[in-house]
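As structure tokens, the structure follows; a few thoughts come after it.
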Amino acid sequence: MLSGKRILLIIGGGIAAYKSLLLIRLLKSAGAMVTPVLTKAGAEFVTPLSVSALAGERVYSDLFDLTDEAEMGHIQLSRVADLIVVAPATADLMAKMAGGRADDLASTLLLATDTAVLVAPAMNVRMWQHPATQRNLAQLRVDGVQVVGPDAGEMACGEFGQGRLAEPEAIFAAIQAALVEGPLLGKHVLVTSGPTHEPIDPVRYIANRSSGAQGTAIAAALRDLGASVTFVTGPATVPAPSGVRVVRVETAREMLAAVEAALPADAAVMAAAVADWRVANAAGSKMKKDGTGKAPVLEFAENPDILATVSQGDMRPKLVVGFAAETDRVEEYATAKRLRKGCDWIVANDVSPATGIMGGTENAVTVISAAGAEVWPRMGKDAVARALAERIAVALQNS
Ligand code: C5P
């Protein structure tokens with residue numbers, strides 16, 4: 001997803017510098033190349049050896065290293081990258097950037113470059129709030145520098161407040177967003193995924209066998225085409241994709257609330273296996289055997305239909321895609337479902353146990369739209385996701 005992209009990563013000084021090691025791993029596993037630059041202060045917190053071992057490349061650290069100048073001058077170094085990332089960006093580095101100073105390799109690279117720059121600030125809360133830092137931040141934004149974080153929370157210095165380096169996943173997502181090109185650039189797509197858990201009591205719940213694999217693959221494929229994706233997921237067994245906004249929910253009602261909060265969107269793909277029913281008489285404390293041998297009786301109430309609510313609501317996205325997991329008469333039931341729910345397309349699949357689709361890695365789908373039914377060959381869930389994302393891109397372009 002970032003293959004072929006080169007990131008020049010400037011690691012500033014600060015306790016949060018260790019997180020830049022995790023960021024390098026994320027970038028490398030996404031196929032990016034990382035050229036690391038360690039400031040003098042940065043080298044007090046992470047070693048050049050661990051940085052270069054993870055990046056798989058040499059670390060640049062000293063402006064006046066003559067060997068470097070012979071190999072690759074700092075001007076050239078500043079321009080080979082697709083994106084320059086400063087993480088952590090200290091108050092001092094930000095001040096140098098805002099003031100146009102160039103007294104070490106990192107600041108010289110930043111002044112010499114014409115490449116896009118993303119900074120992830122990290123510092124003590126008072127330093128962050130200081131008018132000087134805020135002035136520098138405003139100047140950097142005016143200069144076109146993108147900023148991710150800082151987060152609020154507990155800090156290594158014992159204080160609490162804004163100033164924590166954004167998590168590596170969030171920096172990674174910002175890098176992706178800064179780099180992606182694609183037909184879905186500027187489009188917001190909402191994806192629901194995974195099962196829902198409907199409580200019986202505080203420790204027991206009713207669930208289904210959905211792994212969330214197909215929804216996750218769809219969110220990743222949409223992201224790869226440049227979409228900004230909100231991923232509303234129940235308790236799935238596969239991890240959520242990186243580079244998307246993840247909203248975790250448990251129940252169908254929570255999922256509906258999260259979906260409504262995420263609108264407006266250009267498209268919505270509802271791949272979640274939402275429980276149709278919840279336990280109406282769920283107990284507030286753990287249900288116990290009372291010794292009489294009498295089993296509890298569960299009563300059920302119907303859950304909201306999220307797909308139908310969104311399809312028929314005021315904030316309806318231009319394109320709404322639903323799923324239909326059927327065990328027989330797939331096309332017939334799914335066609336009826338499309339009309340009943342009011343969505344544009346239904347991606348129908350046969351989840352009878354013999355197919356091995358539910359929880360498996362492959363899918364065989366039939367896409368039902370106003371134009372009729374189209375049977376796709378059996379393929380990996382990733383391939384289904386890519387094909388669907390491309391089709392969504394075409395539909396949004398034509399709408
Ligand atoms: O009605 P059925 O569950 O078969 O429909 C499946 C489609 O409806 C899926 O897209 C699923 O995400 C969505 N759905 C929903 N809310 C429900 C039940 C299903 O959004 N309560």
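Just so you know, ligand 1 is whichever comes first in the structure, and atom 1 is the first atom listed for that ligand.
- Between the choices V259, T192, D276, the shortest heavy-atom distance to atom 3 (O) of ligand 1 belongs to D276.
- A salt bridge does not link R278 with E299: none of the charged nitrogens is closer than 4.0 Å to a carboxylate oxygen.
- Of the N or O atoms in I306, one or more lie within a sub-3.5 Å distance of an N or O in ligand 1.
- Not a single heavy atom of M255 sits less than 4.0 Å from an atom of ligand 1.
- One finds a salt bridge joining R6 and E57 here, because a Lys/Arg side-chain nitrogen approaches an Asp/Glu carboxylate oxygen to under 4.0 Å.
- A donor-acceptor contact under 3.5 angstrom links the side chains of Q214 and N363, judged on distance only.
- One hydrophobic cluster, built from ILVMFWY side chains closer than 4.5 Å, cannot hold both V229 and V320; they sit in different ones.
- The number of heavy atoms from other shown groups lying within 6.0 Å of CZ (R253) does not exceed 12.
- The N/O atoms of K337, backbone and side chain alike, include one that comes under 3.5 Å of an N/O atom in ligand 1.
- More than 12 heavy atoms of other residues, nucleotides or ligands shown are found within 6.0 angstrom of CG on N398.
- Heavy atoms of A272 approach ligand 1 to within less than 4.0 angstrom.
- Which of R340, K341, M270 comes nearest to atom 19 (C) of ligand 1 through a heavy atom is settled by distance: it is K341.
- Residues T251 and H197 have side chains that never bring a donor and an acceptor to within less than 3.5 angstrom of each other.
- Remark: minimum distance from atom 9 (C) of ligand 1 to any protein heavy atom is reached at F323 O, 3.1 Å.
- Q139 places no side-chain N or O within donor-acceptor distance of the main-chain N or O of R135, the cut-off being under 3.5 Å.
- At under 3.5 Å, a nitrogen or oxygen of P304, whether backbone or side chain, sits near a nitrogen or oxygen of ligand 1.
- For ligand 1 and L307, the ligand atoms under 4.0 Å from any heavy atom of the residue are 7 (C), 8 (O), 10 (O), 13 (C), 15 (C), 20 (O).
- Between A271 and ligand 1, no N or O atom pair is found at a separation short of 3.5 Å.
- Annotation: G322 places no N or O atom under 3.5 Å from an N or O atom of ligand 1; distance criterion only.
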